[in-house]
Structures are given as C-alpha cells and as structure tokens.
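Right, one structure below, let's go through it.
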Amino acid sequence: MVSPRANWKGYIKFGEVSCPVALYTAASSSERIAFNTLNRKTGNRVKREFVDSETGDPVEREDQVKGYEVENGQYIVLEPDEVAAAVPESNKTLKIEAFIPCSQIDTTYFDKPYYLAPDKMGTDAFLLLRDGMKKEGVAAIAQTVLFRRMRTVLIRAHGKGLIASTLNFDYEVRSAEKAFEDMPDLKIEGEMLELAEHIIGTKKGSFDASTFDDRYEAAVAELVKAKIEGRALPKKKAPVASKPSDLLQALRESAGMASKDTKPKRTAANANRGAGRQKAAKPASKSKQAAAPSRRAS
C-alpha cells in the first residue's frame with residue numbers, strides 16, 4: 001500500500017519542547033460519484049470559460065486578476081505578487097497557545113480535520129504531548145500559516161496520534177441567536193414529553209461511523225445502473241409532516257402505546273403507576289381488556 005502524502009510538514013511546540021510533525025488529510029471526497037456537464041443536444045462535454053461581463057469576449061488565464069469591489073462596478077486591482085506579499089509569513093510551527101478542557105469544545109467552529117503524526121525524529125516528545133493531553137482530558141489551541149492562510153487549529157488526542165481540526169473564525173460562524181430567533185417560546189411537558197423520552201430511550205446506541213451509509217451516493221449509483229439497463233426506478237412517496245393536532249397520537253404509536261385507531265387516556269407514567277393497583281380493582285371484562293393499550297415498545 002502506498003503511504004499517504006503529507007499535506008504539510010513543520011513543528012509542533014509546547015513550552016520549550018518541539019518536535020517535527022506532518023499533517024495528513026483525514027477526510028476526502030475523492031470517492032464520491034462525479035458528474036460532467038454535457039450539452040443536452042450534442043452529448044458533448046461543456047468547457048468552462050471566463051468572459052468579460054461587458055464585451056462578452058473570452059479572457060485568457062494570464063489576463064485574469066483579482067479585484068476588490070469598493071463601489072458598484074468600481075474595483076481595486078490586486079496583482080498576484082501583492083497578494084503573496086500580504087500573506088503572513090509561515091514559520092512552519094504549530095505553537096500551542098493554550099490547553100482547554102475537551103468539554104468546552106464548540107464543534108460549530110470545526111472546519112477540516114487532519115491527522116497529525118510525528119515526522120521521522122521527535123517521536124518521544126510527540127507521545128509525551130499525546131499522553132499528557134489524554135490524561136488531563138484537554139485539547140490544544142494552536143496557530144500557524146496553513147495553505148497561505150493564518151489558521152487556528154484545535155489539536156486532540158486521537159488513537160495512536162493526534163487529530164488537528166482547522167477552526168472557522170468567529171466572523172465566519174453565524175449567530176445561533178439569529179438562526180433561532182423565530183422559534184416560538186413553547187414548553188412541552190406531560191404525556192408528550194414522557195412519550196418522547198420513552199422513544200429516545202428505546203433508540204439509544206453508540207457512535208459507529210461504519211454503520212452510516214451515503215444514501216445519496218447509493219441512490220445515484222442505482223440510478224446510473226438503471227439508466228444503463230434501460231429500466232425506470234419506482235417513485236418514492238414524499239414524507240408528510242405531522243400536524244400539531246396529530247402529534248400526540250403519532251407519539252403513542254411510535255412508543256407502541258396504541259394502534260392507529262385507539263387513543264388511550266392514560267399517560268406512560270400513569271400506566272406504570274396503575275399496574276400496582278390492579279389487585280384491588282375489579283377484574284375487567286374481556287372487551288375492556290382487549291381495548292387496553294400495549295405498553296411494549298415497538
């Protein structure tokens with residue numbers, strides 16, 4: 001097997017200790033199904049071309065330059081050498097600024113993950129950092145220039161090595177308050193909340209990425225196969241959102257508390273409390289027993 005190629009090589013430094021490290025891509029989209037854009041009439045591939053917005057003439061690559069719009073239609077031209085000179089100089093060092101508790105990590109800021117491994121020499125210092133972070137339950141915040149940009153990186157112990165996730169800056173992350181400002185101020189309680197807790201309890205599991213399938217990729221692959229074989233795929237029914245008036249009944253059905261045409265009056269909690277009073281109560285008739293809801297989760 002060919003060894004993965006490092007995306008970046010440099011040093012990681014904590015205090016006065018430093019060791020050479022290498023970054024490797026942890027996530028890749030190269031295995032995804034790729035499409036080409038075609039001319040529907042001829043079936044030929046379409047070539048992308050940059051054209052002048054006013055004259056409509058094609059603009060060759062050597063004539064293309066970056067520009068910043070200062071007013072409507074007015075631009076400041078930035079030459080490639082000017083942009084390169086403005087980029088912070090890289091010292092190839094991931095300098096750890098602070099160690100923070102793993103419980104304080106806000107994953108909203110995560111950008112891209114990279115595996116961080118020792119590069120040839122310096123394995124002892126690398127393992128010292130890894131095991132120390134594991135023992136203390138902390139992650140490290142570091143900064144360096146990656147791919148011509150100053151980046152903040154979150155470093156965590158991961159398996160035998162470390163994982164470094166580039167972080168979005170604060171101005172790049174949308175405010176949660178603005179995203180949820182239209183949410184109604186409602187409090188769900190009583191039977192509805194109890195049933196929701198029951199359903200969540202029956203669905204508890206553990207994280208295993210290998211069990212997740214890319215349904216989009218699988219669906220597209222099946223579509224391509226069907227087109228090659230000249231057959232049509234069956235149409236799927238669109239899901240229907242539960243109406244507020246039907247939500248309680250849908251929860252009961254999900255929890256196995258009722259059939260679609262039965263609406264029990266007891267809540268999940270009351271059903272448990274009522275079980276202890278059955279000895280003192282009169283025996284129910286066969287017809288009433290048949291109407292009693294099942295408490296077994298589906």
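Here the structure is a predicted model, which is why all the values come from computation and not from measurement. Residues: numbered from 1 along the sequence shown. Note: hydrogens, waters and symmetry copies are ignored here, and every other heavy atom, side chains too, is used.
A continuous path of hydrophobic side-chain contacts links Val83 to Tyr68 [ILVMFWY only; heavy atoms under 4.5 Å]. Cluster membership check: Leu223 does not share its hydrophobic cluster with Leu38, using side-chain heavy-atom separations under 4.5 Å among Ile, Leu, Val, Met, Phe, Trp and Tyr. Linking ILVMFWY side-chain heavy atoms closer than 4.5 Å, directly or via other members, places Leu116 and Leu167 in two distinct hydrophobic clusters. Transitive grouping of hydrophobic side chains (ILVMFWY, heavy atoms separated by less than 4.5 Å) keeps Leu129 and Ile100 in distinct clusters. At a threshold of 4.5 Å between side-chain heavy atoms, the hydrophobic network of Ile, Leu, Val, Met, Phe, Trp and Tyr places Leu127 and Leu162 in one connected group.
Considering only heavy atoms from C-beta on, Lys225 comes within 4.5 Å of Arg231 through its side chain. Inter-residue side-chain proximity for Glu253 and Gln249 is flagged as met; some heavy-atom pair is nearer than 4.5 Å. Two residues are said to be in side-chain contact when any heavy atoms from C-beta on lie closer than 4.5 Å; Phe50 and Gln64 meet this criterion.
Remark: side-chain polar atoms of Ser175 are paired, donor with acceptor, to backbone N or O of Glu177 under 3.5 angstrom. A donor-acceptor pair is defined here as one N or O able to donate and one able to accept, closer than 3.5 Å; no such pair exists between the side chain of Thr108 and the backbone of Asp106. Proximity of a side-chain donor or acceptor of Gln143 to a complementary backbone N or O of Met150 within less than 3.5 Å is not detected.
Annotation for Phe35 and Val220: closest pair CZ-CG1, 3.5 Å, computed over non-hydrogen atoms. Annotation for Thr152 and Phe169: closest pair OG1-CE2, 3.8 Å, computed over non-hydrogen atoms. Here the shortest heavy-atom pairing between Trp8 and Val145 reads NE1-O, 3.8 Å. Between Ala157 and Lys134 the shortest heavy-atom distance is CB-CG, 3.4 Å. Shown here for Lys92 and Lys9, the closest heavy-atom pair between the two residues is CD-O, 3.2 Å. Ile163 and Tyr115 make their closest contact through CD1-CE2, 4.2 Å (heavy atoms, listed as atom of the first residue, atom of the second, distance).
Distance check, rounded to the nearest 0.5 Å: CG of Asp111 to CD of Glu172 gives 7.5 Å. To the nearest 0.5 Å, atoms NZ (Lys112) and CG (Asn168) are separated by 10.5 Å. Note that CD1 of Ile155 and CD1 of Ile96 are 5.0 Å apart. Values are rounded to the nearest 0.5 Å. Taken from CG in Asp57 to CG in Asp63, the straight-line distance is 11.5 Å, to the nearest 0.5 Å.
The closest side-chain donor-acceptor pair between Asp170 and Tyr109 falls under 3.5 angstrom.
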task: For salt bridge (charged side-chain N to carboxylate O under 4.0 Å, His left out), just list the numbers for Arg252 and Glu191, CA-CA rounded to whole Å, side-chain angles, deciding distance to a tenth of an Å, and then say yes or no.
output: CA-CA 9 Å; Arg252 287 169 174 165; Glu191 182 183 5; 2.9 Å; yes

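Note on residues 35-53: no pairs pass salt bridge (charged side-chain N to carboxylate O under 4.0 Å, His left out), not counting sequence neighbours.
Arg174 CZ: 12 or fewer foreign heavy atoms inside a 6.0 Å radius. Sparse packing is recorded around CD of Glu16, with 12 or fewer heavy atoms of other residues, nucleotides or ligands lying under 6.0 Å away. Within 6.0 Å of CZ on Phe147 lie more than 12 heavy atoms contributed by other residues, nucleotides or ligands. Taking a 6.0 Å sphere around OH of Tyr11, one finds it holds 12 or fewer heavy atoms contributed by other residues, nucleotides or ligands.
For Ser18, the side-chain contact (heavy atoms from CB on, under 4.5 Å) criterion is met by Lys13, not counting sequence neighbours.
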